[in-house]
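Chain identifiers are assigned alphabetically (A, B, ...) following the order of the sequence lines, protein sequences preceding nucleic acid strands; residue numbering begins at 1 within each chain. Keep in mind the model is a prediction, meaning the values are calculated, not measured.
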Number of protein chains: 2
Amino acid sequence: MVSNRGSRRRSRGPSIEDVAGLAGVSAQTVSRVANEAGNVRPATRERVLRAMDRLGYTPNRAARALRNGAFGSIGLIARTFARTGEALTTQSVVEAAEAEGYSVTLLAVREPEAGGWRHAVQRLSHQAVDGLIIIRAEETTPESFLLPSGMPVSVSDSRFIGYYPDVGADQVQGTRDAVEYLLGLGHATVHHLAGPPDSEPATTRAASWHRTLEGAGISPPPAWRGDWSARSGHEVGREIVADDSVTAVYVANDDMAFGLLRAAHEVGRRVPEELSVVGFDDIELSEFSEPPLTTVRQDFRRAGHELVRLLLQQVTEPGSVGYDERVLLPTTLVVRGSTAPPPPPR
Amino acid sequence: MVSNRGSRRRSRGPSIEDVAGLAGVSAQTVSRVANEAGNVRPATRERVLRAMDRLGYTPNRAARALRNGAFGSIGLIARTFARTGEALTTQSVVEAAEAEGYSVTLLAVREPEAGGWRHAVQRLSHQAVDGLIIIRAEETTPESFLLPSGMPVSVSDSRFIGYYPDVGADQVQGTRDAVEYLLGLGHATVHHLAGPPDSEPATTRAASWHRTLEGAGISPPPAWRGDWSARSGHEVGREIVADDSVTAVYVANDDMAFGLLRAAHEVGRRVPEELSVVGFDDIELSEFSEPPLTTVRQDFRRAGHELVRLLLQQVTEPGSVGYDERVLLPTTLVVRGSTAPPPPPR
DNA sequence: TGGTGCTACGTTGACGTTAACATTCTGCGT
DNA sequence: ACGCAGAATGTTAACGTCAACGTAGCACCA
């Protein structure tokens, strides 16, 4: 609750009263002009507009927010904004929010522990925010923190499904498409390089992979694990490519798939002739890897839009969105050059 | 200036008066507790804290902002937040701002034309923001828009150098390192795949490439142009790899370099044996391309921190930062597998 | 000519917080 | 017991905006 920001005080700009004085009208009339309410004579409006222009007047947002009880701002919480998935979602959240006249305030969670998230929410609830979007809340559970009651929330790819309205790619279907495609190519089984165990998308993808194999009558091999980063994909990728029995790998995201591709190149294991690789996400660079990556595309742009829509619906009409509402976005398998039938058994 | 957001009115939470009532003290005392001012008896403080807890009280930011004339928030303007460079900078700006108790509000500029930027600034100046960070303001000039006077600003990689305090990688040095390294490998000349002409970093890198070649007594060949995207790198890359006389290319960023690498693979032009490629940025995936990309690393994290530092210094001490202040961040040439001596001439 | 109804504009007050000033309380010395 | 310094707490007012209500002015009709 610290806030001794000392002398942080900007020189205040012109206020509505200054404009009113210059235009020779009351503040209320200026307000009417500023808000495009009717009932202002064109001549008066002109005079006020000129006065605004001359003084460089812009309405004070804090005063408006105080008056209206709303801030025109959405809080966006994530662990980082730098990774591809988060960056793309952030961008589309900003676009959608802007279209509705809202701005977006960012808050990063530093420490992975639950304490970090609680702290983040604490801080954000001190922010001027009408609602919260939480993306990739990987390391915590809904019980571990309390939001200010009545605060609208929508979440994505998190463990909060069932607690708050949720938006996410249909990972179950996407995974099934990928695994079945590989099986259809003739691979005896499909291995999996999973994301971190505390991540909801990672566990969902792993579970769907597991079930798809079982559904095909195949006993799933143990999965490898990375942390979403290309570096981790490269590290465990070295083990994977060293195992000649592995002919097909479904990797939980494209970054790690890049690492695996690299590991394969390093030992001369040819992709796709000797090893098929499928990623998830379809980031911009996936089309340009060597070989171009077959991957499950998810629509980050739409996810951001849906998150905002779901959130603002709660803001406008409290109670209009069920806490268990889910938006499942379809995925598409994009077949490129990293997949092929398995090599003939020796 | 539209703002008829109709019924956007949240049920207001508990106010300082509610807490004061419950704790049996005055609002001022609650305020003192909330702001950790001294002069409150421990017993009283306890009582107030309990009351806050019970009511779930959090100070109203709008009221604070109105009272204090400051918002505790930094505006971040960019064309997009999804591209690697912007995403990394955004992340580090958020980190640095948070460390100082500020939050970050995003604003994207949709249309590339000057009008878009002006609109953005208009909107942001309506936001509750103590200062502005502008990154990659590629398509406009400082004259084309007016900020609210006295608004602190810091900028990066833009045409605003000399108008506002600026932070950026030392692209001149970085480029020189790259080009001289290729020359030192024995290449007769170095070609350049540049960024879009309206971008400051693009023109700076191109100019430095030009001068470095001239300094070595080499007449620079015409440069190719992309738009920073991997796709554009791939498109013009097809022309580049079709030209046998080209043995070394300095590419203005890593994304485009990925596209070029792909084009080379497609026609079987071997990298680095037949063609050397150097990128700029050192994004996470550069280490994992085939071959791993030699590139000029720039420190996005530090750039974000410096942007915030420069901005907050202006907020705290108006006039303490010159409008022509520049922070030049050193770059590092990271040599990996995409560069080698030229093939012997046929 | 006097009312009637409408439009343009003004006045008041409240949103929640806190600086500045005012008051009350506490403990201590005499 | 009394007075006094200093600490603890209370009161007032103002930050800028706008909804609600109030009033003045005008056009129109009987």
Does the side chain of B/I16 reach to within under 4.5 Å of the side chain of B/S31, using non-hydrogen atoms?
yes
Distance test, side-chain N/O of B/R41 to OP1/OP2 of D/dA7, below 4.0 Å
no
A/Q313 side chain near A/P165 side chain, heavy-atom distance below 4.5 Å:
no
Taking C-beta and beyond as the side chain, do B/I134 and B/Y164 meet within less than 4.5 Å on heavy atoms?
no
Distance check needed: D/dA8 P versus B/E46 CD, whole Å only.
16 Å
From the options B/I77, B/V155, B/L307, select the one residue that forms a side chain to side chain contact (heavy atoms under 4.5 Å, CB included) with B/I135.
B/L307
Quick check on the helix from C/dT1-D/dA30 to C/dT30-D/dA1: what's the angle between its two end axes, five base pairs per end, to the nearest 10°?
60°
In whole angstrom, what separates B/Y57's OH from C/dT18's C1'?
10 Å
By nearest-heavy-atom nucleotide on DNA chain D, the more 5' of A/S31 and B/R47 is B/R47
Along DNA chain D (nearest heavy atom to each residue), the more 5'-positioned of B/R45 and A/V30
B/R45
Can you tell me the distance, in whole Å, between the CD atom of B/E17 and the P atom of D/dG10?
11 Å
Kindly say if B/R64 contacts the phosphate of C/dT18, meaning a side-chain N or O under 4.0 Å from OP1 or OP2.
yes
Interatomic distance, B/M52 CE vs C/dG16 C1' [rounded to whole Å]
13 Å
Select base, sugar-phosphate, or nothing to describe what A/S26 touches, counting heavy atoms under 4.0 Å on all strands.
base
Go through it in stages, so that I can follow the logic: the residues are A/R79 and A/E86, the test is salt bridge (Lys or Arg N to Asp or Glu O under 4.0 Å), and I'd like the CA-CA distance, side-chain angles, deciding distance and then a yes or no.
CA-CA 9 Å; A/R79 178 113 97 93; A/E86 281 88 344; over 6 Å; no
Take atom CZ of B/R67 and atom P of D/dT17, then tell me their distance rounded to the nearest Å.
16 Å
Just so I know, are the side chains of B/R309 and B/V167 near enough to count as touching, which here means a heavy-atom distance under 4.5 Å?
no
OP1 or OP2 of C/dG10 less than 4.0 angstrom from a side-chain nitrogen or oxygen of A/T29, does that happen here?
yes
Is B/N39 touching bases, backbone alone, or none of the nucleic acid, heavy atoms closer than 4.0 Å?
base
Find out whether A/V129 and A/F71 are in side-chain contact, i.e. whether some heavy atom of one side chain is under 4.5 Å from a heavy atom of the other.
no
With a 4.5 Å heavy-atom cut-off, do A/L312 and A/I74 have their side chains touching?
yes
Check whether any side-chain N or O of B/N35 sits under 4.0 Å from OP1 or OP2 of C/dT18, and answer yes or no.
yes
In whole Å, I'd like the distance from the CG atom of B/L66 to the P atom of D/dA13.
18 Å
Show each protein N/O and nucleotides 21-26 of chain D N/O combination with a separation under 3.5 Å, one pair to a line.
none

Determine whether B/N35 and B/R64 make a side-chain contact, defined as any pair of heavy atoms from C-beta on separated by less than 4.5 Å.
yes
Would you indicate whether the side-chain heavy atoms of A/R32 and A/V48 approach each other to under 4.5 Å?
no
Atom CD of A/Q28 to atom P of C/dT12: distance rounded to whole Å?
13 Å
Whole Å only: how far is the CG atom of A/N60 from the C1' atom of D/dG16?
6 Å
So if I take every side-chain heavy atom of B/V40 and compare against C/dG16, C/dC9, D/dT9, which nucleotide ends up nearest?
D/dT9
Does B/S15 place a side-chain N or O at less than 4.0 Å from the phosphate oxygens OP1/OP2 of C/dC15?
no
